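Structure record follows, encoded as structure tokens.
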Amino acid sequence: MNGSEKFCISLLQNCKNLRQIKQIQAFICKIGLETDPLIAGKLILNCAVLIPDSLDYACRLLFNVRHPDSFMYNALIRGLSESDAPQNSLCTFKEMCRESISPDSFSFAFAIKAAANLRALEAGIQLHCQALVLGFDTHLFVGTTLTSMYGECGCIEYARKVFEEIPEPNVVAWNAMLSACFRCGEVVFAKKVFNRMPTWDLTSWNVMLAGYAKAGELQLAKEVFEKMPIKDDISWSTMISGFVPNGDFEDAFGFFRELRKLGLTPNEVSLTSVLSACAQAGAFEFGRILHGFVEKAGFGWMVSVSNALLDTYAKCGNLSMAKLVFERMPEKTSVISWTTMIAGLAMHGCGMEATQLFNEMENCGIKPDAVTFVSLLYACSHAGLVEQGREYFNKMTTFYGIEPSIEHYGCMVDLYGRAGLLQRAYDFVCQLPFKPCATIWRVLLGACSVHGNVELAEKVKFRLLELDPSDSGDHILLSNLYAISGKWKASAAVRGSLSSLGINKETGWSMIEVDKIMYTFVAGGEQNEITNQAYEKLREIMLRIRIEDGYIAETNHVLYDVEDEEKEEVVSRHSEKLAVAFGMARLSKGSVIRIVKNLRICGDCHTLMKFISKAYSLEIVLFLSLDTEASDHIQDSVSPMLWFSEIQCNTKALDLRGLRLILGTLMLNPIPDLLSPQKLFSSWSSSVILAVRLDVYRFTTFCLDGKLLPFLS
DNA sequence: GTAGGGTTAG
């Protein structure tokens, strides 16, 4: 290498962006080195791998080289394998062969990586065969990527065979094998592989942690974590991020606290994961503290952290903070940021705003993906934008070429069903390109229930019985629909069939965050210091609101046939009552009480919340946990129709029932002119929709001129 | 002159 070459290469090494690359390229031309293969190779490698958003430029560079060599091709194959279109990496590999440039171990390693990222087993096998012919299949690096590729494609036997052919596998190859076991669900085999390994480095332990966590074996993950001789930030973030999808938020918070206690700085992954836990658990206060930390520690510029923060605020009910986080993002180039914001608006009932943001997103040149359209359709269905929703669905398939998933079809059924277009919804389901699954029918059943269509509900329930006969939610939904329609015998019969079919209703639980700790209450759960405190406070509250406010337990919402006294006893133990009482006992005065629960609220709890909210001037927010299938269930149901009849609105115009994200909200705005029926309706419908989207059930102080509004009394 | 294995957000 001569001096000029050395100088150019050192310039390229310090390059940060495409602009600088082009400047250096101009300099290279000026000194006559543009045809130097060494320089051209480095230039292509830089653009393909190191400099962001310059992959296209790397392609153009390669295209313009008269006699490209394998180094240049390898750079491009590698860059493309890590892009969002790894199939182009495979095309480049083919082109290389067509140009009679022999692929080497690097070409194979990168191309096999592309096949792994695409989960393209057939392409992977072809590459394997070709490597075999050229004698690269037992090469350490090629063998390792082949092992990974077969693992990614779910072929554990092939992975094992390739691995065993590697003459002297090093720790990286062993780790690839270990990882392949977990990818293929072979948890027990993974442990055997781990025990057989000649050496462990830190990564081997981290693979075990991640594998156990992904398999839901969190106890095993904890044991490995304890045994690890050294832990790094990936070990911590693997643990924290492992708990969240399993719904174990307490442990996620616990490990995060532990990490902080040890004086360690959480990395991006730990932060996004713990924020996601806050979002799902409704841990608003903890989320706010984390926001402070994010700003102070300088993580605010990280897109993933900002996205998680935005989602936390939106899911915890603070749309204005969510908007602020979005607005302050330095660059809005991530489709996830836009989608999260659209979903946030949708949850809060701002359907029009959500569609406007979607248009803005398109104008900014950001390509929406399948998840964006789920949020958008969700916004449309909850805002009653039927035709717009239909147009977006068409645009998704025809313009963006996105294949609709079950979620998209579910949104469409919801869109029609919610608007009361039940026949259209039913026809849509019947015309689906696949056999409708239980979830799709369940959406329709919910819509029938809301709009009181017993006939269609029975038809739908019949389909559900074939597909998923053991879902207690479906039975309860139908039973309640009968009850509300005055068909008490039919209602009782469905209830009765629950026990004869051996179906147990899921146990209700409620969670509340006090001093950054999540407390969980279960209906009629065991007695301990915490529940005793809750019961004691509950007794005090009940006494006050019974005497001063005239609260009477609403046992008529317990739709099954038990004695009144017993009914009262049953409803008085519901977990949300305990959680509210506990919050009132332990939170500082005037704090908003936020509760996450797995089932929908019963009529009595609903009424009690209103009384408490009024008597104590408290805002109470109930969230429906998103991580539970139980959100389809109605707990000894209160019908949203009853809520609507309370406010004497036309219940048919809006659906609130039976759809999994429903809790409903009651948010009263003490502005007198809202009492004109038209305004009242639009205001209420918008706040009710708000809760549906948000899974929030919110009661604010709802005094008007010092009197309880008539429809709430 | 290029590599392979482990953790995130909607």
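In what follows, every chain begins at residue 1, and chains take the letters A, B, ... in the order their sequences are listed. These numbers were taken from a predicted model, which means no experiment stands behind them.
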Classify [X] by what it touches in the nucleic acid, base, sugar-phosphate, or nothing, heavy-atom distance under 4.0 Å.
X: Val207(A); value: sugar-phosphate
X: Ala210(A); value: sugar-phosphate
X: Thr372(A); value: base
X: Pro37(A); value: base
X: Ser105(A); value: base
X: Thr238(A); value: sugar-phosphate
X: Thr340(A); value: sugar-phosphate
X: Asp233(A); value: nothing

Taking only residues at least two apart or on different chains, which pairs with a member in [range] satisfy ring pair (Phe, Tyr, Trp, His ring centres under 6.0 Å)?
range: residues 181-205 of chain A; answer: Phe182(A)-Tyr212(A), Phe194(A)-Trp200(A), Phe194(A)-Trp205(A), Trp200(A)-Trp205(A)
range: residues 303-324 of chain A; answer: His291(A)-Tyr313(A)
range: residues 213-239 of chain A; answer: Phe225(A)-Trp236(A), Phe225(A)-Phe255(A)

task = Not counting sequence neighbours, which residues clear side chain to side chain contact (heavy atoms under 4.5 Å, CB included) with Asn117(A)? List them please.
result =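 Asn117(A): side chain to side chain contact (heavy atoms under 4.5 Å, CB included) contacts with Pro86(A), Lys113(A).
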For Cys411(A), side chain to side chain contact (heavy atoms under 4.5 Å, CB included) partners two or more places apart =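 Per chain and number, Cys411(A) pairs via side chain to side chain contact (heavy atoms under 4.5 Å, CB included) with Val374(A), Leu377(A).
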Within the 6.0 Å centroid threshold, strictly below: Phe373(A) and Phe393(A) =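 No, too far apart.
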request  = Please list, chain by chain and in numerical order, all residues satisfying salt bridge (Lys or Arg N to Asp or Glu O under 4.0 Å) with Lys231(A), sequence neighbours excluded.
outcome  =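 With neighbours one apart ignored, the set is empty.
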message = Could you work out, with salt bridge (Lys or Arg N to Asp or Glu O under 4.0 Å) as the rule, every residue matching Lys222(A), not counting sequence neighbours?
response =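 Once residues adjacent in sequence are excluded, the partners of Lys222(A) under the salt bridge (Lys or Arg N to Asp or Glu O under 4.0 Å) criterion are Asp251(A).
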DNA chain B contacts among [range], heavy-atom distance under 4.0 Å:
range: residues 145-154 of chain A; answer: Thr145(A), Ser148(A)
range: residues 214-227 of chain A; answer: Lys214(A)
range: residues 178-199 of chain A; answer: Ser179(A)

query = How would you list, by chain and number, every residue that makes a side-chain hydrogen bond (donor to acceptor under 3.5 Å, both in side chains) with Glu258(A), sequence neighbours excluded?
reply =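 Glu258(A): no side-chain hydrogen bond (donor to acceptor under 3.5 Å, both in side chains) contacts found.
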key: Test side-chain hydrogen bond (donor to acceptor under 3.5 Å, both in side chains) applied to Ser204(A) - qualifying residues, sequence neighbours left out   =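 Testing Ser204(A) for side-chain hydrogen bond (donor to acceptor under 3.5 Å, both in side chains), a comparison that skips the adjacent residues, returns Asn175(A), Asp201(A).
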